[in-house]
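Throughout, a chain's letter reflects where its sequence line sits, starting with A, and its residues are numbered from 1.
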Amino acid sequence: FFFFTYPFLFIMARRYDSRTTIFSPEGRLYQVEYAMEAISKAWAAIGILATDGVVLAAEKRVSSKLLEPGLKSEKMYKIDDHIACGVAGITADANILINYARLCAQRYTYQYQEPQPIEQLVQGVCDLKQGYTQYGGLRPFGVSFLYAGWDKHFGFQLYHSDPSGNYAGWKGTAIGGNNTSAQSILKQEYKDNLDTKQVLALAVKVLRKTMDSTSLTAENLEFATLTLVDGKPSFHSLTADEITNLLQENTEEESNN
Amino acid sequence: LAYMSILEYNGGAVLAMVGKNCVAIASDTRFGIQHQTVSTDFSKVFRITDKTFVGFPGLASDTQTMLNKLKFRIKLYSLDEDREMEPKIVSNLLQTLLYEKRFGPFFVEPVVAGLDKNNKPFISAMDLIGAPLLAEDFVLSGTASEAMYGMCETLYRPDLEPEDLFEVVSQCLLSSVNRDALSGWGAVVHVITADGITSRVLKGRQ
């Protein structure tokens, strides 16, 4: 966890922030920290584990009416049939890593003839990210990922990775803008025995309280679930109608509370 | 035992035919090592997308390897392009994969059969270095190819309904492999229509 008070280190940082491959005297890698700053200004994504699945939710901001809405998401990606990813940060950087993750998963399947365990995939991507903090002289990737997946070894899992190449497994976590407040709400509200439906409701609650936008609609939100369907992992991106219904169900509950 | 070509080491036969808004693809199910039959449930035809099948007759090891390589590429394509690979594109991809090994090839001679996104039938075959054959009627490959050509030319007619197509394909395949020592020991026939896939296992001469 790299916490720093920006004004205090303003003068010191100047000398040590231009290269990724050197430490500062305090033992920090400034480029990595700056990458994380970039992500904290990006649009939010949260991931929560349920008993029967994993839920990913993201805020989507359409910056111009002139933009053609593509069919593909820029926040949620499928890596393989059993692994999905939520993204926060520089989209162009994310594309490279998503592609790499997909190749990793397929190479594993080619070699071992079975789906790659989630943690192995996360490690693969993280090892790549780490390389950019130690050699090459190239800047780190300005992306954080939330990996949601299912494998036969550990069931449903949620992981978070950041530009440093560190990763951890989570029951619920948030990345991007307002992630600290989202994280603290999750800490209070998360319970171990919630199913996917309840977790979706929790995700709505968290986003409602942390998003900058005043209103939540299907236009500025994305939800996806990774569950087992007929015993096989299945990634489902909620349609606009499903999101609208989800929001309606949870507004009514809120007002009842 | 001497063999003329490494393509005859395991033996096998695959046949694909176009019908009215449907395709059928069939293979024998013998897995043998030269004269010795080892297994009688080794189909050389595999479903690789919702509406496309590929058959890889030839060296059994390469049958399995080409299938795995193809599945790798197809998965990446569908993740990248957010759509299924159409049979024509599968055929093109296979041609590329095979030609990459031009001077040390995979010993398979693939057959592709499927319905495109408008449910229009597509079949193709290629040699071991990727030279394609695009036909409107039937394609085939394997150690019983001469006999299969004879049977198909005789029995084929255009616009066969799925049930009739199944009968024609079955007769063509079974009669051909019965004259080939290295093919046979059962067969499997898949008929692909817009509504779905019907697969039937045939018991031939033992």
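- Residue contact with chain A, scored on non-hydrogen atoms closer than 4.5 Å, involves the backbone of B:Lys71 exclusively.
- Contact residues of residues 104-133 of chain A toward chain B are A:Gln106, A:Arg107, A:Tyr110, A:Gln113 (heavy-atom distance under 4.5 Å).
- Around atom CD of B:Glu136, no more than 12 heavy atoms belonging to other residues, nucleotides or ligands sit under 6.0 Å away.
- Proximity to chain A (any heavy atom under 4.5 Å) is shown, for B:Ser78, by neither the backbone nor the side chain.
- In plain terms, the two heavy atoms of B:Leu79 and A:Lys72 that are nearest each other are O-NZ, 4.5 Å.
- For A:Leu103, the parts sitting under 4.5 Å from any heavy atom of chain B are the backbone and the side chain alike.
- Counting heavy-atom pairs under 4.5 Å between each of B:Thr65, B:Asp80, B:Asp82 and chain A puts B:Asp80 at the top.
- Heavy atoms from other residues, nucleotides or ligands lying under 6.0 Å from CZ of B:Arg73 number 12 at most.
- Heavy-atom contacts from other residues, nucleotides or ligands closer than 6.0 Å to NZ of B:Lys120 number 12 or fewer.
- Crowding of B:Arg179 atom CZ: a count of heavy atoms from other residues, nucleotides or ligands under 6.0 Å not exceeding 12.
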